[in-house]
Structure formats: C-alpha cells, structure tokens
Amino acid sequence: MTAHAPAAPHQGLSTPNELLTVPQVMARLQLGRSAVYDLLRTRQLASITLGRARRIPTHALTDFIRTRLDQEAAA
C-alpha cells in the first residue's frame, strides 16, 4: 500500500477536520450552549453556516482565545 501525502489546504481555508461543532466548542471553552451562541451572534467568535449547521474553524477559536488573553493582559 502506498502512502500519499495529504494535499496542502488553501491558505485561510479550513478542512473538515478543522471545523468544530458547537458542542465541541462548548467542551473546549467549558461554556454552555447559550454562551457559545452569544459569542457567535455578537461575532466575537467567527463561524460558517452549512445548511442549518453552524461550524467554527479551529483557527477562529484560537484567534478568539488569543484576543481574550491579549485583552486580559492589557487590562
């Protein structure tokens, strides 16, 4: 069996493995469903909609955490 190198993702785009569901974000941030949807609604946390499903790119979650840490440090 021959192993193939995975195709390099396009810059700025997420692959399906890099898209999180709301419950996965809830678990990672240890927040409730309403709190996560509030972050999405206020655009503090970026997401995409696929049909009726909401998905959060992992880079958006990382950016959100980094921004919050920077805000805490500046306060």
Side-chain angles (χ1 to χ4, degrees):
M1 207 169 192
T2 306
H4 295 284
H10 295 291
Q11 182 69 18
L13 298 179
S14 295
T15 63
N17 290 339
E18 295 175 339
L19 295 175
L20 302 171
T21 63
V22 169
Q24 289 172 320
V25 173
M26 289 168 52
R28 289 184 184 202
L29 294 178
Q30 298 182 348
L31 291 174
R33 181 181 178 94
S34 295
V36 172
Y37 275 107
D38 283 344
L39 293 172
L40 297 173
R41 182 180 48 78
T42 59
R43 299 180 191 259
Q44 295 178 61
L45 181 58
S47 70
I48 61 171
T49 304
L50 301 170
R52 293 182 61 194
R54 232 22 204 284
R55 295 294 181 261
I56 298 89
T58 54
H59 70 82
L61 183 58
T62 302
D63 292 346
F64 169 76
I65 293 168
R66 186 174 296 119
T67 298
R68 294 299 293 252
L69 286 170
D70 291 345
Q71 289 172 348
E72 294 281 328

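The structure displayed is predicted, hence computed values, not measured ones. Reckoned from all heavy atoms, side chains included, excluding hydrogens, waters and symmetry mates.
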Query raised in the report: What residue pairs, at least two apart or across chains, pass side chain to side chain donor-acceptor pair (under 3.5 Å) with a residue in residues 28-39?
Result: D38-R41
Requested in this report: Among residues two or more places apart or on two chains, list those pairs meeting side chain to side chain donor-acceptor pair (under 3.5 Å) that have a residue in residues 42-51.
Outcome: T42-Q44, S47-R54
Query raised in the report: Just one of L19, T21, L40 clears the side chain to side chain contact (heavy atoms under 4.5 Å, CB included) bar with I56, so which one?
Result: L40
Report task. With rounding to the nearest 0.5 Å, note down the distance linking CD in E18 to CZ in R55. Result -> 14.5 Å
Query raised in the report: What is the distance from atom CG of L31 to atom CE of M26, rounded to the nearest 0.5 Å?
Result: 8.5 Å
Query raised in the report: Which atom names give the shortest non-hydrogen contact between A46 and P57, and what distance separates them?
Result: O-CD, 3.9 Å
For residues 64-75, which side-chain N or O atoms pair as donor and acceptor with protein atoms under 3.5 Å away, sequence neighbours left out?
from	atom 1	to	atom 2	distance (Å)
R66	NH1	D63	OD1	3.4
T67	OG1	D63	O	2.9

Requested in this report: Using a 4.5 Å cut-off on heavy atoms from C-beta on, say whether the side chain of V25 contacts that of L45.
Outcome: yes
